[in-house]
2 protein chains.
Amino acid sequence: MNVQDLVEPQDETSSGPIERIVRSLEEEIVLGRLRPRERLLEEELAKHFDAKRHVIRAALAELEALGIVVRQPNKGAAVRDFSPQEVEQIYDVRALLEGHAAEIIPLPGSPELLGRLKAIHERHSQAVDAHEPRTVFRANLEFHRVLFGACGNPYLAEQINQLASRAHAIRFHAISDEKLVNRAREEHGRMIEYLERGDREKLVEVVAAHIQPSKEAYLRLSSQWAQRFR
Amino acid sequence: MNVQDLVEPQDETSSGPIERIVRSLEEEIVLGRLRPRERLLEEELAKHFDAKRHVIRAALAELEALGIVVRQPNKGAAVRDFSPQEVEQIYDVRALLEGHAAEIIPLPGSPELLGRLKAIHERHSQAVDAHEPRTVFRANLEFHRVLFGACGNPYLAEQINQLASRAHAIRFHAISDEKLVNRAREEHGRMIEYLERGDREKLVEVVAAHIQPSKEAYLRLSSQWAQRFR
DNA sequence: GGCATCCACATTATCGACAATATTGTTGCG
DNA sequence: CGCAACAATATTGTCGATAATGTGGATGCC
């Protein structure tokens, strides 16, 4: 048996302890408990996660690769923040990739896919009603992973996920906004609907529309910050 | 002064010792000195690069993130190989992204950009004539980095580079093929030309055509391999 | 009082040693 | 002779300690 796996038996989102820490930190950042530019001290995190420092180190390296943390030699890591221009650029690429995914995804969606999406959508919806931002975030993430994972091209899906990660640090501004979360929920519902009845035109349309709000929310907020310095 | 850099003074391709090792291994893989599925032992690499094991470890992690190396817990790392289907998929996404980049790159290209590209093209061309695959690879890489880096969207450029990295393990099949390298050289020249006179239509066309050959070369070779098992 | 220098502290980077795990080889039994 | 259990080796994973580096504050000079 060769080193290279022919089939990956386990779920992608399982893995070791470093993945747990990566996802946890990602959540903290998205939920705003860790703010942009905030410092991330290795020892502190090691204590918090009850892990050794080299594990934290690996997690930080991965977060850096994901683009939501910045590191400097001998100085340490910090939560990355984005300029308005960067936000625009990230969302431009997302629009391109997600639009393409929506174009090539097999229609109508398989019963299995639709079932999974509906289940996730249900959890998401309940979390929205219950005002549980953590669960909202997780379900939302999963919804998009499953949806775009179904496009048939894992590499396209992967790039989409990567950009989504980068956008997370942005998205947190939107996740606490009642109106936006509700809109997202409603759009998810429509995606499932169009997927089910094979309406590609509408699907592409709603996918394109879906990524705009949080971008605008971030830009709005960021212009407010700018004003504080006047 | 905050941890987060406002401006990155140094060249992106500089960095520490781990980057040196990453690029070096990448080259070895592309040039075929390290073959797909070949095992990468930490200690061996440590000796070869005169580095400590934890540095090698970090480099392997990065190569894994780049998608050209596969790792399994307690088993080690190996050069990744791609199935024909995966090659198709990677090139599909590349076509999408590079096509988009060609659509949005400001035309005509700035004199500074054209100057840089011409210089790189010159080096590339000489390396082709001199049959120096290592230099060909480096110059080719740089050409594409500079070209797509000029599209104005660093995130798009980054995604393109990432996919290019993945394709490297594929590209090595083409880099030793005289005809293909010459064709690439000629196409680079045309890109500069269209960039210079602001002909977007032609530019997009040649960019699209440019990424096909090495894909086909890989698929051709890979079907030969398959026959050996009959 | 302003400024340069040095020192103490905080934090990250490096290292070598050891532990855990997988792989290969060997032995002995049926 | 085949196969299973065990032993030996190879390789990666983990750990604690120490070195290197950067940061801020105190000191002393002008």
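Residue numbers start from 1 in every chain, and the chains themselves are labelled A, B, ... in the order their sequence lines are given, proteins ahead of strands. Bear in mind the structure is a predicted one, so any value in this text is a computation, not a measurement.
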Using a strict cut-off of less than 4.0 Å between a Lys/Arg side-chain nitrogen and an Asp/Glu carboxylate oxygen, indicate whether B:R134 and B:E28 qualify as a salt bridge. yes
In terms of side-chain heavy atoms, does A:E132 have a donor or acceptor partner in A:Q126 at a distance below 3.5 Å? no
B:L45 has an atom CG; how far is it from atom P of D:dT11, in whole Å? 11 Å
Residue pair B:E86 / A:Y155, side-chain donor-acceptor N/O under 3.5 Å: yes
Side-chain donor or acceptor of B:R80 paired with backbone N/O of B:G67 under 3.5 Å: yes
Which of these nucleotides, D:dT11, C:dT11, C:dA13, is closest to any side-chain atom of B:L41? D:dT11
To the nearest Å, give me how far apart NZ (A:K52) and C1' (D:dT14) are. 9 Å
Between the protein and nucleotides 6-9 of chain C, list every N/O to N/O distance that falls short of 3.5 Å.
none

I need the residues from residues 55-65 of chain B with at least one non-hydrogen atom less than 4.0 Å from DNA chain D; give them sorted by number, or say none. B:R57
Is a side-chain donor-acceptor pair under 3.5 Å present for A:H100 with B:H100? no
Over how many whole Å does the gap from B:K47 atom NZ to D:dT11 atom C1' extend? 14 Å
Ignoring the backbone of B:E43, work out which of D:dT14, D:dG13, D:dT12 is nearest its side chain. D:dT12
Reckon B:I18 touches a base, only the sugar-phosphate, or nothing at all at heavy-atom distances under 4.0 Å? nothing
Starting at atom NE2 of A:H54, determine the distance to atom P of D:dT12, rounded to an integer number of angstrom. 15 Å
